[in-house]
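Presented below is the structure to which this report refers.
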Amino acid sequence: MSAGAWLAALATITIGVGVLLLIRGLAGQVPRPLSPAARRMRRIRERSESISPRDRVLAAIGLPLGIAAYLFSGWIVMLAVVPIAVLGAPRLITPPRSRAAIAKLEGLEEWTRVLAGVLAVGIGLEQAIIRTQRSVPAAISGEVDALVNRLRSRWSSQDAMRQFADDLADPTGDLICAALISSAERRGPGLRDILESLAESVSDDVRARRQIEADRAKPRATAKWVTILTLAALAVLFLFNGEYLAPYASPTGQLVLALLVAGYIGALLWMRQIAEGAPIPRFLTGAA
């Protein structure tokens, strides 16, 4: 067989293999219906990916501690109580989200005053916002940096400020952003006076929220110390006076103990939810 025939045969085989690989690749891209087991596994994987790294570490600590408590006491309820206590204790101790919201409002008040001062020079709104980036408070630095980057990326002023309001996610921030959007649309005078007036309003809002937070902190502190004292008393009884807790070792006692622990945890969660309060609805959203 001549060299030309060999080359033709090789080219034919290569083209055939290429066509087969192309067909196989296109067939692999067609979505196949998932079986019920595959859908359950996907939901489990999505939920596991949504768990924060801190919760993963606490779970890794709580599970061995629960097993050790079960082996030491023989109480099967310890397999659930100890991991739940390890996961829930930081949430009971850490400050609520309302404190971060108050700090963000204080930063927004300061930034509003700075922006009003820059506007007094007589430059445009967009350039004034960009200039404030160098002196923005740390509490809202991420939100303002994102706003400046959008303006530099040729976003429209209205869209950039609506997204800024969504980043702040606070009704008081909506007031500031609404004034900025109105000024960007009309390009009229008076924005500096409006911003200074809004800064005073934000300052009043911060004082009111701090007072509310101080009132809410009292039941949270009570719940925290009651929980700490209860756990300490139970630990002392468990280690030094096991006869007092001996009735809970029976199957009926384990069931009663589980119900008591579930009720106590439910009461703590209810108290924390009451102390958090309902969020104030916003009036300015990105879709509005």
Side-chain angles (χ1 to χ4, degrees), residues 25-26 29-31 42 45-47 49-54 96-209 278-288:
L26 293 175
Q29 293 178 358
V30 177
R42 186 174 66 179
R45 185 171 61 252
E46 291 174 352
R47 290 175 182 175
E49 291 175 354
S50 64
I51 300 175
S52 64
R54 187 189 71 169
R97 293 188 299 267
S98 55
R99 294 188 183 179
I102 292 174
K104 184 180 291 187
L105 279 182
E106 289 181 329
L108 185 61
E109 176 198 354
E110 182 179 346
W111 178 76
T112 304
R113 295 185 187 278
V114 171
L115 179 60
V118 175
L119 287 171
V121 180
I123 62 177
L125 175 59
E126 291 78 5
Q127 291 300 318
I129 292 175
I130 293 174
R131 285 194 182 185
T132 62
Q133 189 179 20
R134 291 174 290 184
S135 57
V136 63
I140 59 169
S141 59
E143 290 83 353
V144 175
D145 289 344
L147 172 61
V148 171
N149 291 333
R150 294 186 190 103
L151 293 175
R152 286 174 173 170
S153 300
R154 304 301 181 183
W155 279 44
S156 68
S157 300
Q158 293 85 351
D159 292 340
M161 291 168 191
R162 287 186 184 279
Q163 187 60 51
F164 179 54
D166 290 340
D167 293 340
L168 292 174
D170 189 274
T172 304
D174 286 351
L175 290 173
I176 307 296
C177 294
L180 296 178
I181 291 172
S182 177
S183 177
E185 291 175 348
R186 299 179 181 180
R187 300 293 175 179
L191 179 59
R192 177 192 173 189
D193 296 334
I194 294 173
L195 290 178
E196 290 178 349
S197 176
L198 287 175
E200 293 295 332
S201 176
V202 174
S203 179
D204 295 338
D205 191 9
V206 169
R207 283 194 295 269
R209 293 198 190 189
I280 303 173
R282 294 177 53 205
F283 68 90
L284 182 66
T285 61

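Quick caveat: nothing in here was measured; it's all calculated off a predicted structure.
Contact record, Ala146 with Asp167: CB-OD2, 4.2 Å, taken as the closest heavy-atom pair. Ile129 and Leu151 get closest at one heavy-atom pair: CG2-CD1, 3.9 Å. Residues Ala160 and Arg150 come closest through the heavy atom pair CB-CB, 4.0 Å. Minimum interatomic distance between Met161 and Cys177 (heavy atoms only, all atoms of both residues): O-SG, 3.9 Å. The shortest non-hydrogen separation linking Gly107 to Ile140 is O-CD1, 3.5 Å. When all heavy atoms of Lys104 and Leu168 are compared, the closest pair comes out as NZ-O, 3.7 Å.
Between the CD1 atom of Ile194 and the CG atom of Leu180 there is a distance of 9.5 Å, given to the nearest 0.5 Å. Taking CG of Asp166 as the reference point, atom CD of Glu143 lies at 11.5 Å (rounded to 0.5 Å). How far CG of Leu105 is from CG of Asp205: 5.5 Å, rounded to the nearest 0.5 Å.
Under the ring-ring contact (aromatic ring centres under 6.0 Å, His included) criterion, the residue pairs touching residues 116-171 are Trp111-Phe164, with sequence neighbours excluded.
Proximity of Pro137 to Glu106: side-chain heavy atoms (C-beta onward) are nowhere separated by under 4.5 Å. The shortest side-chain heavy-atom distance between Leu115 and Ile176 does not fall under the 4.5 Å cut-off.
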Only pairs under 3.5 Å count here: list side-chain donor-acceptor contacts from residues 195-202, not counting sequence neighbours, and write none if there are none.
residue, atom, partner, partner atom, Å
Glu196, OE2, Arg192, NE, 3.3
Glu200, OE2, Arg113, NH1, 3.3
Glu200, OE2, Arg113, NH2, 3.1

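Between the side chain of Ser182 and the main chain of Ala178, no donor-acceptor pair closer than 3.5 Å is present.
With sequence neighbours excluded, the residues that form a side chain to side chain donor-acceptor pair (under 3.5 Å) with Ser156 are Asp159.
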